[in-house]
*Asks:* 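Got a structure here, written out as structure tokens. Questions coming.
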Amino acid sequence: QVRLVESGGGLVQPGGSLRLSCAPSENIFSTYAMGWYRQAPGKQRELVATITKRGKTNYADSVKGRFTISIDNAKRTMYLQMNSLKLEDTAVYYCNAHWSDWGTQDYWGQGTQVTVSS
């Protein structure tokens, strides 16, 4: 069972930055596609950013140009660098690992709260 441990959430002012980290219990980056999702109060969970095993990234339109998803294999950690944060970025952010080579399998982190407030 793959476990995903998240960190880095917190309170930040509008225009500020945060970096979220996701550390899997084992090295899965060559096997799983990874991603960050978020869920704001009263809204459905939505895609924020994904990164494939090949390193191809994809972003929600709402965060393009502001967020960057990356993986540091040496540190066995996935990051979400969030810059120019807006009030609407406030949400619980979840780390996701997705496998779909010969089926479908998903692992999720516990979620970390990001609050953007002045």
*Asks:* Looking at Q13, I want to see if its CD is surrounded by more than 12 non-hydrogen atoms of other residues, nucleotides or ligands under 6.0 Å.
*Replies:* no
*Asks:* Can you run down the salt bridge (Lys or Arg N to Asp or Glu O under 4.0 Å) pairs that involve residues 65-87, sequence neighbours left out, and say none if there aren't any?
*Replies:* R66-D89
*Asks:* Could you walk me through whether T57 and Y59 pass the side chain to side chain contact (heavy atoms under 4.5 Å, CB included) check?
*Replies:* CA-CA 7 Å; T57 59; Y59 299 91; 3.6 Å; yes
*Asks:* Checking the side chain of S100 only, and the main-chain atoms of T104 only, is there a donor and an acceptor separated by less than 3.5 Å?
*Replies:* no
*Asks:* Is any side-chain heavy atom of E6 less than 4.5 Å from a side-chain heavy atom of Y94?
*Replies:* yes
*Asks:* For Y93 and V48, work out which heavy atoms get closest and say how close.
*Replies:* CE2-CG2, 4.2 Å
*Asks:* Between Q110 and L4, does the side chain to side chain contact (heavy atoms under 4.5 Å, CB included) criterion hold? Intermediate values first, please.
*Replies:* CA-CA 8 Å; Q110 79 286 351; L4 304 174; over 6 Å; no
*Asks:* Closest heavy-atom contact between I69 and W36?
*Replies:* CD1-CD1, 3.7 Å
*Asks:* Only pairs at least two apart or in different chains count here, so list each disulfide (SG to SG under 2.5 Å) that has a residue in residues 36-67.
*Replies:* none
*Asks:* For Q105 and Y32, which I'm curious about, is there any donor-acceptor pair between the side chains at under 3.5 Å?
*Replies:* yes
*Asks:* Atom OH in Y79, atom OG1 in T68: separation rounded to 0.5 Å?
*Replies:* 14.0 Å
*Asks:* Report the residues that fulfil ring-ring contact (aromatic ring centres under 6.0 Å, His included) with F67, sequence neighbours left out, ordered by chain and then residue number.
*Replies:* none
*Asks:* In this structure, would V114 and Y37 fall into the same cluster of hydrophobic residues linked by side-chain contacts under 4.5 Å?
*Replies:* no
*Asks:* Are I71 and W99 linked, directly or through intermediate hydrophobic residues, by side-chain heavy-atom contacts shorter than 4.5 Å (ILVMFWY only)?
*Replies:* yes
*Asks:* Can you run down the disulfide (SG to SG under 2.5 Å) pairs that involve residues 8-118, sequence neighbours left out, and say none if there aren't any?
*Replies:* C22-C95
*Asks:* Under the salt bridge (charged side-chain N to carboxylate O under 4.0 Å, His left out) rule, collect the residues that match up with E46, sequence neighbours excluded.
*Replies:* R38
*Asks:* Looking at W108, does the NZ or CZ of R3 lie under 6.0 angstrom from its six-membered ring centre and within 45 degrees of the ring axis?
*Replies:* no
*Asks:* What is the minimum heavy-atom distance between D101 and K53, and which atoms define it?
*Replies:* OD2-NZ, 2.8 Å
*Asks:* Would you say T112 and S7 make side-chain contact, with heavy atoms under 4.5 Å?
*Replies:* no
*Asks:* For a quick test of reading the model, state the closest non-hydrogen atom pair linking L20 to G9 and the distance between them.
*Replies:* CD2-N, 3.6 Å
*Asks:* Could you walk me through whether M82 and L80 pass side chain to side chain contact (heavy atoms under 4.5 Å, CB included), step by step?
*Replies:* CA-CA 6 Å; M82 304 184 294; L80 181 67; 3.8 Å; yes
*Asks:* Please test I28 against M34 for side chain to side chain contact (heavy atoms under 4.5 Å, CB included), starting from the C-alpha separation and ending with a verdict.
*Replies:* CA-CA 9 Å; I28 60 172; M34 304 295 297; 4.0 Å; yes
*Asks:* Under 4.5 Å between any side-chain heavy atoms of P14 and L87, yes or no?
*Replies:* yes
*Asks:* Can you name the nearest heavy-atom pair linking T77 to A23, along with the distance?
*Replies:* OG1-CB, 4.4 Å
*Asks:* For the residue pair I51 and M78, establish whether any side-chain heavy-atom pair is separated by less than 4.5 Å.
*Replies:* yes
*Asks:* Which heavy atom of V2 sits nearest to which heavy atom of Y107, and what is that distance?
*Replies:* O-CD2, 3.3 Å
*Asks:* Checking S17 now: which residues fulfil side-chain hydrogen bond (donor to acceptor under 3.5 Å, both in side chains) with it, not counting sequence neighbours?
*Replies:* N83
*Asks:* With a 4.5 Å cut-off on side-chain heavy atoms, are T90 and E88 touching?
*Replies:* no
